[in-house]
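Step one of this worksheet: look at the structure below.
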Amino acid sequence: MMNHVVRYTDSAPKEVEQQSKTSLKGDYGKKVIPERKTQSVVVARRPDSGGREGTVISLLANHFLVQFDPSQKIYHYNVEISPNPSKDIARAIKHKLVNNNSPVLSGATPAYDGRKNLYSPVQFQNDKLEFYISLPVPTTKLPSPYGEIPDLKEKHQKLKLFRINIKLVSKINGKELNNYLSKEGDDWIPLPQDYLHALDVVLRESPTEKCIPVGRSFYSSSMGRSKDIGGGAVGLRGFFQSLRPTQQGLALNVDFSVTAFHESIGVISYLQKRLEFLRDLSQRKTAQLTAEERKEVEKALKNIRVFVCHRETVQRYRVCGLTEEATENLWFSDRDGKNLRLLDYFKDHYNYDIQFRKLPCLQISRSKPCYLPMELCVICEGQKFLGKLTDDQTARILKMGCQRPGERKSIIEGVMRGNVGPTSGDQEKEFKLQVSREMTELTGRILFPPKLKLGDGGHVRNLIPSRHDRQWNLLDGHVSEGTTIERWALISFGGTPEQKSNVPRFINQLSQRCEQLGIFLNKNTVISPQFESSQILNNVTLLESKLKRIQRIASNNLQLLICIMERKHKGYADLKRIAETSVGVVSQCCLYPNLSKLSSQFLANLALKINAKVGGCTVALYNSLPSQLPRLFHIDEPVIFMGADVTHPHPLDDFSPSVAAVVGSMNWPTANKYISRIRSQTHRQEIIQDLGAMVGELLDDFYQEVEKLPSRIIFFRDGVSETQFYKVLEDELQSIRCACTRFPGYTPSITFAVVQKRHHTRLFPLETYQSSTQNHFLYENIPPGTVVDSVITHPNEFDFYLCSHWGVKGTSRPTHYHVLWDENQFTSDELQKLVYNLCYTFVRCTKPISLVPPAYYAHLAAYRGRLYLQRSESLGLFRSTSTLSRAAPPKTAPLPKLSENIKKLMFYC
């Protein structure tokens, strides 16, 4: 390898030679895969060649086979650019560098990730290269009213010079990856990440040049016009792509995608759309913002990039915050030290009278005062929407992304053949790749639905769900375990006189509907219905005293509190927290608009939730788990099913705790009642910190209920990305084992499976199939019970896709189950059957759900924990977010403790 540097330049002035060399170490290769010798646990392998149960169905998957030449070398170069540019500028530099220096780069068109990594199919002439590239980027960092503004003509002529150092890091080939995919050689070799990462960058090169990249997705107006979703946001269509190692080989997973972007409009118009209190901003030129309003405006604009419209410039600015003073009170010093009033400056230099003088200016520098008046700023195009979408915006985005299977399939195929997709450039040819334009054909199996057991009091006592959607009704049946609710109360918040007059009818009909379902709900409440103003929900102290008074009147023995609200209210979070941690009662909320109709379905849904919350259950499996899986399960050797999830705060929130929840089944062999443990933990911490304690407590509770410790623990973990699999398994398996050591000599068999809903694999029937019961009706979505464990699954690990629900809208998303550890030695058929059967036992509805209930319950419990934290956050009990970075996350605020009489109930469902 040559040691000298060969230098190529547009024009390298002497002053550049003296620039200090910035040492920028590449961030490539940080994938954490421990070496074989240091591994304490090894991820479970597939136990067999796949399951066999069920009827065969022909399917298509949105995986496109990628064939590569294993002998094709890829040359990996590290790129250092000084001064450090944005990703967009870095790409422009790479583009110019390749066009101007083809002979030096051996005629290659390398692929670039926009940061440090450059991949070429041929070796450059030298292993160390230095280039100087000039681009028309303004050299004045902050050409705002801070100091003089250079002459516009001069600005257009100025070029910014960048130094680019390119150094060969490694030469890699695809032999190891080929061995891994073809299962040749050592069965335990880790996935060769370097070649896979290189190919991923290669296939992303063309879309990155032509689209707006966001994470692993690309968005482009060529896929359809953007759509206004309200509140200063637009929805844009695009596609997701990712390379995956699968049983058929390397596959490119491509899916349709939609996300929200900031609308490219003036900042004033944007604020009018985004913030309710500024709708009449054009009439409010004389009014200043209150402290609370200013805080909301700053939150809405922070970190958004803007450009100015009062002069020609290509400069873009990032909003760091707002000025403390209103625009009319701002002064600054020019380069001569002369004090200038900002209003006068714009009048003198640009002959512009600032209209919104009472508003603050945008602050565009972290370190010194640099002001831009809001009315002269426009939001830059192509910025992903920062902040939380409202319910209306979310509904519109979901509607944009809600394509029926046939339509989604056509869009994906269009991407693969279109002019912005992964195959739209020359990279495929350059790197000797062959990417299929056809979806992967494969066979799946449709598992049989289980026989279900209903209550003894009903006319129908058991049934097999035979409808195409596997839904069943309880018109002639009772819930499997109905409760008796003698002591309950009702409280109403807001509502018109007419709406309130419906309450007695509602109580009567709900009681009747409960009776039809085998649930007893006393027609008389312990206290007459309480009608309060909606304002009570804004007053935590008053709300708490009202609920405590109802509990006192009920002799501290209230079983249920039904709360009716005029509309959705942020006070819902306070209501739940107070009821469950201070008053000690389960509550069921509903909205007045639903009371006007009082459909049988609405009343039944309400009754099922109430029954589950106070200790009942909706349905059970007719054939118990021991009778269905006799090799593994026995009636006298109880099994506990656990689910775990961690919910993180919103992306813009950089201080709130994450919330972890673990649930465990408390009855055997029915396994349909789950109690929870919820904890707050370090901000964005993925590993569950208190898992050992939480599992230990659930095992204690299980022992009290069943009078035996479980001989097997089946643990379903939600919310883990593939990059975290090994870390989560290593830490959390150890925590579960530690929890077991609390009981002398107790060593249950543990199965640890990750449950993933956030993936982009979609399955389509190869031919539209017909229902046996309704021959006239054709279905595009895959039927409930469809399972796939071959072709598109992992080359050797134990995973499968199961679509357990019926997709009413859009395209069904199968759930991905990936077994990381399995001491119970399940076969594919056994685990798939177990998971599918459990999906029928969810307490809130009479149909199979899309993911295994313990994982779903853990998600609901974690969400409830997040609600408990909401009030303290809204009152600003944590530090301000005005600083853009901080040394360490703040101390975690603990969750309030649940009341003892709530702990063992499914209050969260």
Side-chain angles (χ1 to χ4, degrees), residues 57-65 207 210-212 214-229 233-242 251-261 389 392-424 435-442 444 446 468-469 757-771 774 776-784 786 788 792 801 803-816 850:
I57 180 172
S58 296
L59 302 167
L60 289 172
N62 58 341
H63 285 217
F64 298 84
L65 187 63
K210 300 167 184 175
C211 306
I212 304 164
V214 177
R216 292 204 151 272
S217 297
F218 300 95
Y219 297 91
S220 168
S221 53
S222 69
M223 291 189 65
R225 286 176 58 192
S226 61
K227 186 172 181 180
D228 189 345
I229 61 166
V234 291
L236 206 57
R237 293 172 176 85
F239 62 94
F240 164 94
Q241 74 171 63
S242 172
L252 190 65
N253 179 204
V254 178
D255 191 23
F256 175 59
S257 178
V258 173
T259 200
F261 285 81
L389 293 174
D392 283 347
Q393 288 174 321
T394 303
R396 288 181 187 129
I397 277 284
L398 288 174
K399 193 174 179 183
M400 275 185 78
C402 188
Q403 262 69 32
R404 292 301 293 168
E407 195 181 341
R408 193 182 199 96
K409 179 172 165 285
S410 297
I411 292 169
I412 294 167
E413 288 170 336
V415 168
M416 291 306 291
R417 297 187 175 105
N419 56 7
V420 297
T423 59
S424 60
V435 184
S436 173
R437 297 335 188 237
E438 304 297 327
M439 286 193 179
T440 297
E441 284 192 31
L442 67 153
I446 306 170
H468 68 276
D469 57 5
K757 282 285 283 181
R758 290 186 179 180
H759 62 82
H760 287 269
T761 294
R762 298 290 183 276
L763 300 169
F764 306 91
L766 190 57
E767 294 171 3
T768 310
Y769 68 94
Q770 290 187 316
S771 162
Q774 294 170 295
H776 67 282
F777 200 97
L778 296 171
Y779 301 106
E780 287 184 317
N781 258 322
I782 52 175
T786 301
V788 169
I792 59 168
Y801 293 93
C803 182
S804 48
H805 69 297
W806 169 246
V808 181
K809 284 184 176 178
T811 306
S812 294
R813 187 200 308 247
T815 299
H816 187 218
S850 64

With [X] via ring-ring contact (aromatic ring centres under 6.0 Å, His included) - residues at least two apart:
{"X": "Tyr219", "answer": "Phe261"}
{"X": "Phe218", "answer": "Phe239"}
{"X": "Phe240", "answer": "His760"}

Would you confirm whether [X], through its side chain, and [Y], through its main-chain N or O, come within 3.5 Å as a donor-acceptor pair?
{"X": "Arg408", "Y": "Gly406", "value": "no"}
{"X": "Lys809", "Y": "Cys402", "value": "no"}
{"X": "Thr423", "Y": "Met416", "value": "yes"}
{"X": "Ser850", "Y": "His805", "value": "no"}
{"X": "His759", "Y": "Pro814", "value": "yes"}
{"X": "Ser58", "Y": "Glu441", "value": "no"}
{"X": "Asp469", "Y": "Trp806", "value": "no"}
{"X": "Asn62", "Y": "Asn253", "value": "no"}
{"X": "Arg813", "Y": "Lys757", "value": "yes"}

Is there a side-chain contact between Ser436 and Leu252, using heavy atoms and a 4.5 Å cut-off? no
May I ask you to test the Thr786-Leu59 pair for a side-chain heavy-atom distance under 4.5 Å? yes
I need the minimum non-hydrogen distance between [X] and [Y], along with the two atoms involved.
{"X": "Pro783", "Y": "Ile446", "value": "CG-CD1, 3.5 Å"}
{"X": "Lys210", "Y": "Ser424", "value": "NZ-OG, 3.0 Å"}
{"X": "Ala260", "Y": "Leu389", "value": "CB-CD2, 3.9 Å"}
{"X": "Arg404", "Y": "Thr811", "value": "C-OG1, 3.6 Å"}
{"X": "Glu438", "Y": "Phe64", "value": "O-CD2, 3.3 Å"}
{"X": "Cys803", "Y": "Ile782", "value": "CB-CD1, 3.5 Å"}

For the CZ atom on Arg758, are there more than 12 heavy atoms of other groups (residues, nucleotides or ligands in this structure) within a distance under 6.0 Å? no
Heavy-atom count around Arg417 CZ within 6.0 Å, excluding the residue itself: above 12? yes
For Arg237, side chain to side chain donor-acceptor pair (under 3.5 Å) partners two or more places apart: none
Can you name the side chain to side chain donor-acceptor pair (under 3.5 Å) partners of Ser217, sequence neighbours left out? none
Once you round to the nearest 0.5 Å, how far does [atom1] of [X] lie from [atom2] of [Y]?
{"X": "Ile792", "Y": "His816", "atom1": "CD1", "atom2": "NE2", "answer": "8.0 Å"}
{"X": "His63", "Y": "Leu763", "atom1": "NE2", "atom2": "CG", "answer": "8.0 Å"}
{"X": "Ile397", "Y": "Asp392", "atom1": "CD1", "atom2": "CG", "answer": "12.5 Å"}
{"X": "Asn781", "Y": "Ser812", "atom1": "CG", "atom2": "OG", "answer": "3.5 Å"}

Kindly write out the residues that satisfy salt bridge (Lys or Arg N to Asp or Glu O under 4.0 Å) with Arg396, not counting sequence neighbours, or none if the list is empty. none
Testing Ser221, Pro207, Ser222 for side-chain contact (heavy atoms from CB on, under 4.5 Å) with Val420, which one passes? Ser222
In Arg216, Lys409, Arg762, the residue satisfying salt bridge (Lys or Arg N to Asp or Glu O under 4.0 Å) with Asp255 is Arg762
